[in-house]
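Structure, as structure tokens:
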Amino acid sequence: MARPLTLDPDRLFPADPATRGLARDLYAGVAELPIVSPHGHTDPAWFATDAPWANATELLLAPDHYLFRMLHSQGIALAALGVPDRNGPPATDPREAWRLFAEHYHLFRGTPSRMWCDHVFAEVFGIEVALEAATADHYFDAIGAALATPAFRPRALFERFGIELLATTEGADDDLAHHAAIRRSGWGGRVVTTYRPDAVIDVEHEAFGPALARFAELTGEDVHSWSGYLAAHRKRRADFRAAGATATDHGFATARTANLSAAESEALFGRITGGAWDAADAELFRAQMLTEMAKMSVEDGMVMQIHPGSCRNHNAALFASHGRDKGADMPVRTDYVGALEPMLDVVGGERDLTIILFTLDESTYARELAPLAGHYPCLRLGPAWWFHDSPEGMRRFREMTTETAGFYNTVGFNDDTRAFLSIPARHDVARRVDCAFLARLVAEHRLADWEAAELARELTVGLVRRAYKLGDPAPSPVAAAA
Amino acid sequence: MARPLTLDPDRLFPADPATRGLARDLYAGVAELPIVSPHGHTDPAWFATDAPWANATELLLAPDHYLFRMLHSQGIALAALGVPDRNGPPATDPREAWRLFAEHYHLFRGTPSRMWCDHVFAEVFGIEVALEAATADHYFDAIGAALATPAFRPRALFERFGIELLATTEGADDDLAHHAAIRRSGWGGRVVTTYRPDAVIDVEHEAFGPALARFAELTGEDVHSWSGYLAAHRKRRADFRAAGATATDHGFATARTANLSAAESEALFGRITGGAWDAADAELFRAQMLTEMAKMSVEDGMVMQIHPGSCRNHNAALFASHGRDKGADMPVRTDYVGALEPMLDVVGGERDLTIILFTLDESTYARELAPLAGHYPCLRLGPAWWFHDSPEGMRRFREMTTETAGFYNTVGFNDDTRAFLSIPARHDVARRVDCAFLARLVAEHRLADWEAAELARELTVGLVRRAYKLGDPAPSPVAAAA
Amino acid sequence: MARPLTLDPDRLFPADPATRGLARDLYAGVAELPIVSPHGHTDPAWFATDAPWANATELLLAPDHYLFRMLHSQGIALAALGVPDRNGPPATDPREAWRLFAEHYHLFRGTPSRMWCDHVFAEVFGIEVALEAATADHYFDAIGAALATPAFRPRALFERFGIELLATTEGADDDLAHHAAIRRSGWGGRVVTTYRPDAVIDVEHEAFGPALARFAELTGEDVHSWSGYLAAHRKRRADFRAAGATATDHGFATARTANLSAAESEALFGRITGGAWDAADAELFRAQMLTEMAKMSVEDGMVMQIHPGSCRNHNAALFASHGRDKGADMPVRTDYVGALEPMLDVVGGERDLTIILFTLDESTYARELAPLAGHYPCLRLGPAWWFHDSPEGMRRFREMTTETAGFYNTVGFNDDTRAFLSIPARHDVARRVDCAFLARLVAEHRLADWEAAELARELTVGLVRRAYKLGDPAPSPVAAAA
């Protein structure tokens with residue numbers, strides 16, 4: 001007989017009964033608030049076309065690098081899981097791939113993927129038995145049947161999930177056609193874009209050449225002159241704002257910034273576009289461009305996000321066969337205090353600028369990030385990111401940043417996901433972990449209960465709306481009123 | 001109606017009832033012990049003149065960089081808070097500054113500043129309502145009225161706080177006049193100095209030139225010759241010992257030490273004073289001088305404190321307008337194992353030498369500091385410092401150092417503060433957090449209850465008296481007997 | 001009257017009653033499982049000769065650097081503790097040394113050494129009073145008397161401890177005579193060796209010259225030619241496998257690897273053996289040899305362990321007087337993501353290769369090690385090592401690795417000890433801490449109870465047997481059936 005799948009209502013709350021009671025009460029106050037998702041990687045085509053998804057494997061397994069990286073680490077070939085390579089999707093039968101996943105589901109014990117998946121299975125699909133080899137086909141069939149119904153189309157789920165706003169992320173070379181289609185459709189869901197110009201800034205990015213060409217085409221600017229290149233950024237930032245964007249995003253291997261003179265910048269840019277650059281030039285140009293982006297943010301009000309410290313495509317053979325985003329990005333030690341100084345020399349005193357800092361190097365939370373955000377008016381701390389977007393990771397984030405930066409220099413939660421169906425699960429985990437943290441502060445008499453209730457709401461909807469300049473929630477047919 | 005201000009007697013104790021009971025018992029055994037404060041930054045003039053403080057803003061807000069850095073981070077101008085700039089105090093009305101602080105007091109939720117302030121308000125001033133916009137004037141008036149009474153003069157508070165010893169910190173160019181005045185006054189409070197020669201060692205310090213000139217003047221030595229310079233240090237160390245000092249203190253951006261030959265040192269010193277130095281020379285000279293100071297400590301018995309790893313004056317614009325110590329110092333990654341090796345090659349085997357190591361880089365607690373202190377006889381670990389001098393920070397310090405270094409290679413608590421009125425609050429937090437940690441060890445049967453009680457007393461008064469060579473507590477009219 | 005020595009049955013379990021109950025149940029399921037010890041530093045001569053140990057000091061104190069490093073840190077001379085120097089054991093009376101240890105036993109409060117010692121005293125020797133000055137002689141006599149009996153001979157204790165397998169560690173220049181003697185003896189205990197060729201790889205190792213000479217002698221290869229040197233490694237790896245080894249081990253100051261061409265390797269090797277090397281060559285050769293060892297592991301199936309990041313012999317004076325392994329090794333910051341890339345470029349895709357990574361730099365757990373092991377099929381994470389092999393250290397290991405790497409990319413516990421009698425104590429601590437961690441996951445509804453029970457068994461015996469390729473437990477007269 002299959003084991004039942006249940007989500008305990010007290011999950012993630014501390015075991016001590018008094019603290020658990022406090023956490024439960026705090027959570028009750030925020031559990032039903034709308035979802036605000038200001039940063040992520042869902043595909044806007046889903047909401048533009050509202051086409052149904054095909055099956056469990058293509059929707060839930062093959063695109064989710066959290067899942068297939070773990071299975072790969074235990075010797076399972078990506079092709080057997082249906083993960084596409086550079087030649088496209090493999091010939092693998094989706095049902096067989098799903099069976100393989102189900103057989104190895106125990107590998108996820110103790111991981112957030114396990115919690116997110118169980119939440120999706122139980123809450124989104126209403127499945128009542130646990131995933132294991134014996135229930136693989138039941139899952140595959142039940143999910144497939146559901147996906148064929150109108151209630152499981154992207155827009156219907158968006159509405160069911162109570163999403164107030166969902167931001168996607170597009171490159172500077174994207175024509176934003178899907179976003180235009182969403183707006184034209186008359187559908188009420190608020191899906192906005194984010195300006196992520198990495199590929200036209202990082203000359204070491206494999207797509208730099210084509211991206212720059214497309215950048216020129218979309219803007220009509222001479223992107224090989226320094227002034228034309230900057231003008232092209234300004235134009236595209238305006239295009240993105242017209243598509244709802246309130247923010248930009250930047251992700252390089254380091255957080256290094258620079259403060260070159262105009263002449264130095266122009267000369268450097270000449271080497272970059274002229275092909276006469278070396279690795280130091282490439283790094284310096286990325287550094288200078290972070291400062292240029294910050295200056296443009298002062299002009300146009302866009303919130304700037306920095307996601308540094310990921311060593312992309314660590315597995316050279318896998319990159320050759322499968323390309324980007326296949327679970328082989330590795331965090332590296334990251335410096336902020338020295339790295340950000342040149343940029344902060346330029347914009348550090350701006351009170352209307354917001355720069356949100358993320359990290360994959362938790363040793364910087366208490367040492368660098370909280371002190372920086374606890375001083376500079378323009379700096380805020382993004383939530384625990386990627387590998388650390390987990391119960392223990394989120395707990396460490398609060399424990400290591402709050403005492404120096406407080407709660408009000410943080411910006412709420414980011415789900416940062418490609419896995420649309422897991423969005424409610426991820427926000428639920430974040431709300432529970434924050435409430436557990438607040439409950440401990442109350443139990444230890446470090447905070448009054450009414451303050452904790454106020455903070456729980458701030459951490460859920462208040463801070464994110466203000467930090468990302470999203471405005472008050474529109475009276476929308478979609479999102480439940482907050 | 002204003003909310004009440006109360007300090008829960010169980011604050012900071014773990015929520016689990018059994019562990020909380022143990023913590024409560026341990027705390028009861030140390031709560032009333034005298035305060036030993038071997039390192040801090042209070043102003044000796046207060047105790048020399050015993051003049052009354054003016055008002056809440058000038059006493060509690062404008063000088064406290066923990067408070068105004070957080071307010072600044074949320075966009076509040078320092079001038080509006082009464083914080084002096086290079087031209088002196090701003091024209092801001094102190095009452096208006098206080099109101100601004102009160103309005104934004106929620107920003108401190110979850111921070112130690114909030115706990116320290118509430119303790120000062122409730123315990124020192126007897127205020128019974130919480131600070132918020134509506135109570136700002138009540139606070140300002142009540143504090144102002146109290147400060148005008150004899151019971152709130154510096155010496156009276158020193159006695160009321162049960163301070164057994166208070167060390168201030170003075171530069172090598174200080175004439176120690178206030179300390180002389182305190183001794184001449186016949187007052188029984190034990191206020192001693194600490195030798196902090198950074199400004200005459202660090203050629204990159206903005207005050208290096210004038211400090212060196214004053215150093216020459218105070219010692220009558222030729223401080224431009226290497227031997228004269230060293231002799232001047234010896235003289236001033238003796239002056240400081242005569243003013244009660246038992247310790248020196250050194251704070252550079254790194255912990256680097258060096259072990260140059262006499263000839264190399266002399267040549268390096270020639271470049272430093274001759275103006276022919278570069279950044280590497282400046283760093284090497286600081287490094288060599290740490291070793292020189294250690295050797296002098298072997299001679300004269302002074303305890304050596306090293307506070308490395310703060311990147312001072314990170315905000316260039318703020319430094320230009322406001323000068324030092326305005327909340328813009330940022331911790332940086334710090335190396336100890338490699339950095340201290342040259343110095344330890346010289347003095348590592350000394351059994352009568354004590355070098356107390358501090359850090360702003362918590363990643364070094366378990367990796368470097370505990371192993372070093374758990375081996376070298378001359379090394380001890382200073383308590384959680386600055387940004388980490390907080391409930392979570394102190395807990396992490398114990399969790400990450402105790403298993404390798406034990407308790408007996410630590411030195412008790414430092415309040416390290418400029419905020420005199422917060423000293424009892426800070427020691428109270430430290431005692432509570434230590435008792436909470438010990439209670440957990442007892443609850444988990446890792447320590448017997450009687451051992452924990454003994455340790456609680458050691459962590460409160462025993463270790464600090466021995467590590468800083470303070471002697472047994474003098475039968476003093478001031479400090480309550482321990 | 002002496003205080004009683006008791007080991008609480010609930011030690012190391014969380015205080016919360018519900019969580020403690022869960023931990024107790026989980027522990028009951030694994031407490032009696034056999035001990036599998038795949039990595040450590042016990043002396044195979046003990047099991048070859050089965051000679052009795054002499055007394056408490058020689059067995060428990062003088063060889064245990066965990067113990068004497070702490071005593072040394074508090075100013076106690078190593079000679080007074082019976083610790084041998086380069087001239088051999090000091091003239092110290094073992095009883096006097098033991099008394100000194102007993103007098104200072106309070107220094108170990110809060111350390112794992114204290115727990116391990118108490119476990120040895122109570123469980124192995126049946127002592128019922130706590131160690132302190134007053135009981136020192138009682139201990140010395142009781143332990144001495146026990147050691148003189150057959151039940152306390154090495155093989156008898158091995159059997160009593162329920163050891164399924166014990167791996168020792170030998171250099172490439174070791175003739176493995178003790179292991180041969182063990183096999184010849186007909187005794188049923190499974191004691192195997194591990195191939196640790198550091199001294200013939202690291203030209204900066206003080207024993208490099210003699211070790212290389214012996215390496216040539218034992219293999220008959222021309223170890224001064226690159227091909228002969230590699231052939232010698234292959235021969236010795238085969239010798240070690242014949243002595244039961246399933247694993248190799250490598251411990252350098254960094255984790256750096258390299259991927260040189262054959263010609264570059266040969267040229268580098270020429271500089272190394274020709275004496276024309278500099279520090280960069282020495283480091284590059286160690287780096288290249290890690291990759292060579294990995295390639296040989298692909299050929300011969302041996303599991304590869306890497307223990308990087310220890311700065312050996314930090315105390316130069318102590319190294320001069322006493323030699324290696326005297327408590328003066330210090331952890332340093334360690335890079336893995338960049339360091340391992342060249343090796344992983346060569347062997348990263350191998351599914352039959354197992355490389356077990358260890359660290360002394362806990363900041364790499366969540367940042368580098370868990371992401372690496374959570375992706376590469378050949379990588380596994382070794383347990384918390386050395387200074388971190390303690391309740392808090394093991395808890396941090398699980399908290400910081402599980403969410404990204406899961407449980408199944410870890411390999412169970414290593415006691416890694418020279419202190420044979422403490423092996424049951426160390427495994428008991430590990431089992432308790434793992435059960436406490438699992439109990440918290442169950443209490444917080446992050447794992448089902450039956451899953452936790454399955455995992456507890458995996459963490460105790462399953463993962464280690466599979467990761468180290470030890471096979472199923474032999475039906476042996478020695479080890480209790482699992």
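Here is the naming used below: chain letters follow the sequence lines, and residue numbers restart at 1 for every chain. Computed from heavy atoms alone, side chains included, the values below leave out hydrogens, waters and symmetry copies.
Only the backbone of C:I76 has a heavy atom closer than 4.5 Å to any heavy atom of chain B. In this structure, the portion of B:R380 lying under 4.5 Å from any heavy atom of chain C is its side chain and not its backbone. Of the two parts of B:A452, neither the backbone nor the side chain holds a non-hydrogen atom closer than 4.5 Å to a non-hydrogen atom of chain C. If you measure heavy-atom distances from B:L344 to chain C, the contacts under 4.5 Å come from the side chain alone. When heavy atoms are compared at a cutoff of 4.5 Å, C:A316 approaches chain B by way of both its backbone and its side chain. With a threshold of 4.5 angstrom between heavy atoms, B:T19 approaches chain C through side-chain atoms but not through N, CA, C or O. If you measure heavy-atom distances from B:A15 to chain C, you find no contacts under 4.5 Å at all. Looking at C:S390, both its backbone and its side chain come within 4.5 Å of chain B, counting heavy atoms on both sides. In this structure, no portion of B:A18 lies under 4.5 Å from any heavy atom of chain C. Residue C:H106 touches chain B through both its backbone and its side chain, counting heavy-atom pairs closer than 4.5 Å. Both the backbone and the side chain of C:L107 have a heavy atom closer than 4.5 Å to some heavy atom of chain B.
Between C:H72 and B:P377 there is a side-chain heavy-atom pair separated by less than 4.5 Å. Two residues are said to be in side-chain contact when any heavy atoms from C-beta on lie closer than 4.5 Å; C:H388 and B:M400 fail this criterion. With contacts defined as side-chain heavy-atom distances shorter than 4.5 Å, the pair C:M70/B:Y408 does not qualify. Within the 4.5 Å cutoff, no side-chain heavy atoms of B:E444 are placed close to those of C:F13. Within the 4.5 Å cutoff, the side chain of B:E399 has heavy atoms near those of the C:R395 side chain. The side-chain heavy atoms of C:P331 and B:E368, taken from C-beta on, include no pair separated by under 4.5 Å. Under the 4.5 Å side-chain criterion, counting only non-hydrogen atoms from C-beta, B:H445 is not in contact with C:T6. Contact check for C:P391 versus B:E403: side-chain heavy atoms found under the 4.5 Å cut-off.
Contact between C:T111 and B:G406 at its shortest, heavy atoms only, is CG2-CA, 4.1 Å. Looking at every heavy atom in both residues, B:A373 comes nearest to C:S73 through O-CB, 3.3 Å.
Comparing C:R109, C:H65, C:R432, C:M115 by heavy-atom pairs within less than 4.5 Å of chain B, the highest count is held by C:R109. Heavy-atom pairs under 4.5 Å with chain B peak, among C:H314, C:Q74, C:E362, C:R69, at C:H314.
Contacts between residues 322-330 of chain C and chain B, counted as heavy-atom pairs separated by less than 4.5 Å, involve C:K326, C:G327, C:A328, C:M330.
Atoms OH and OG1, on C:Y66 and B:T404 in that order, are 8.0 Å from each other to the nearest 0.5 Å.
One finds no salt bridge joining C:E392 and B:R398 here, because no Lys/Arg side-chain nitrogen approaches an Asp/Glu carboxylate oxygen to under 4.0 Å. At a threshold of 4.0 Å, the pair C:R114-B:E451 counts as salt-bridged, since one of the basic side-chain nitrogens sits closer than that to a carboxylate oxygen.
Partners of B:R11 under the salt bridge (charged side-chain N to carboxylate O under 4.0 Å, His left out) rule, at least two apart in sequence or in another chain, are B:D428. Residues forming a salt bridge (charged side-chain N to carboxylate O under 4.0 Å, His left out) with C:D16 (at least two apart in sequence, or on another chain): none.
A side chain to side chain donor-acceptor pair (under 3.5 Å) check over residues 331-354 of chain B, counting only residues at least two apart or in different chains, returns the pairs B:Y336-B:T359.
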